[in-house]
Structures are given as structure tokens and as C-alpha cells.
Amino acid sequence: MAFTKKETREAIEHLKNDFDWTTDGLLIVIKSVSRSGMTRRMQVYSLKEHAYLTYYVARAIEWSKNDK
């Protein structure tokens with residue numbers, strides 16, 4: 001899925017402005033790894049606020065978000 005430049009910019013702005021990255025860390029949960037090790041399914045959360053950030057991170061780095 002290709003994101004528009006506007007969607008990518010909006011996701012980056014959301015991540016930059018809505019969280020205090022000096023005190024708030026990330027929790028990355030690896031849900032599964034393919035047999036070859038080339039593919040991983042993971043979820044991203046804000047440690048301090050417990051916010052689900054996977055959607056915004058996927059948009060910001062222009063990777064697909066797969067719910068499988």
C-alpha cells in the first residue's frame with residue numbers, strides 16, 4: 001500500500017508533536033518471525049502513555065501495516 005506524501009507528513013508530525021520523546025520510550029513487541037527470518041510482524045507502543053503507535057510508524061516510514 002502506497003501512502004501519499006501528505007499522509008506520511010501527517011504521521012511524522014503526529015509522532016513528533018504528540019509525544020515527549022525525551023522521557024517517553026517505545027515498546028516494540030515482535031508478534032512473529034518468518035521461518036527464514038526475513039519478515040517480522042511487530043507492534044509499536046508508547047511506554048509512558050501506552051498509546052498504540054504502529055499505524056503512525058508504518059505511515060511515517062512508508063511500510064505496510066498488516067493486521068495478520
Side-chain angles (χ1 to χ4, degrees):
M1 174 188 210
F3 296 112
T4 65
K5 294 292 181 190
K6 181 182 177 188
E7 290 173 330
T8 301
R9 254 186 278 113
E10 287 172 354
I12 292 169
E13 289 302 313
H14 174 74
L15 291 169
K16 284 168 71 174
N17 297 330
D18 293 348
F19 299 97
D20 182 12
W21 295 109
T22 58
T23 60
D24 196 6
L26 292 178
L27 172 66
I28 301 173
V29 179
I30 298 176
K31 301 300 277 183
S32 67
V33 179
S34 69
R35 191 179 304 213
S36 67
M38 296 290 290
T39 304
R40 288 170 173 74
R41 298 197 189 283
M42 54 186 82
Q43 295 176 337
V44 182
Y45 297 93
S46 164
L47 272 179
K48 190 174 185 182
E49 297 180 19
H50 304 290
Y52 182 72
L53 300 176
T54 306
Y55 177 78
Y56 295 105
V57 172
R59 272 192 170 185
I61 61 176
E62 297 182 11
W63 284 5
S64 67
K65 180 189 170 297
N66 189 339
D67 289 335
K68 267 188 175 175

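Values in this document were obtained by computation on a predicted structure and should not be read as measured data.
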### Message
My understanding is that only residues two or more places apart in sequence, or in another chain, count here; which of them pass side-chain contact (heavy atoms from CB on, under 4.5 Å) with Ser36?
### Response
Ser34, Met38

### Message
Could you work out, with side chain to side chain donor-acceptor pair (under 3.5 Å) as the rule, every residue matching Asp20, not counting sequence neighbours?
### Response
Thr22, Thr23

### Query
Pairs in or reaching into residues 50-59: which pass salt bridge (Lys or Arg N to Asp or Glu O under 4.0 Å), with residues at least two apart or in two chains?
Glu7-Arg59

### Query
How would you list, by chain and number, every residue that makes a ring pair (Phe, Tyr, Trp, His ring centres under 6.0 Å) with Tyr45, sequence neighbours excluded?
Tyr52

### Query
Can you name the residues that form a ring pair (Phe, Tyr, Trp, His ring centres under 6.0 Å) with Tyr56, not counting sequence neighbours?
His14

### side chain to side chain donor-acceptor pair (under 3.5 Å) involving Glu10 - partner list, sequence neighbours excluded
none

### Query
Would a hydrophobic clustering, with Ile, Leu, Val, Met, Phe, Trp and Tyr connected at side-chain separations under 4.5 Å, put Val44 with Phe19?
yes

### Query
Okay, side chain of Thr8, backbone of Ala60: is any donor-acceptor separation there less than 3.5 Å?
no

### Residue pairs passing the ring pair (Phe, Tyr, Trp, His ring centres under 6.0 Å) test where at least one lies in residues 24-44, sequence neighbours excluded
none

### Message
Restricting to side chain to side chain donor-acceptor pair (under 3.5 Å), what partner residues turn up for Glu13, sequence neighbours left out?
### Response
Asn17

### Query
When rounded to the nearest 0.5 angstrom, what is the spacing between CG in Leu26 and NZ in Lys48?
13.5 Å

### Task
Group every Ile, Leu, Val, Met, Phe, Trp and Tyr by side-chain heavy-atom contacts under 4.5 Å, then state whether Tyr55 and Ile12 land in the same group.
no

### Task
For residues Thr54 and Gln43, report the shortest heavy-atom separation together with the two atoms involved.
OG1-CA, 3.3 Å

### Message
Can you list everything that forms a side-chain contact (heavy atoms from CB on, under 4.5 Å) with Ala58? Sequence neighbours excluded, please.
### Response
Lys65

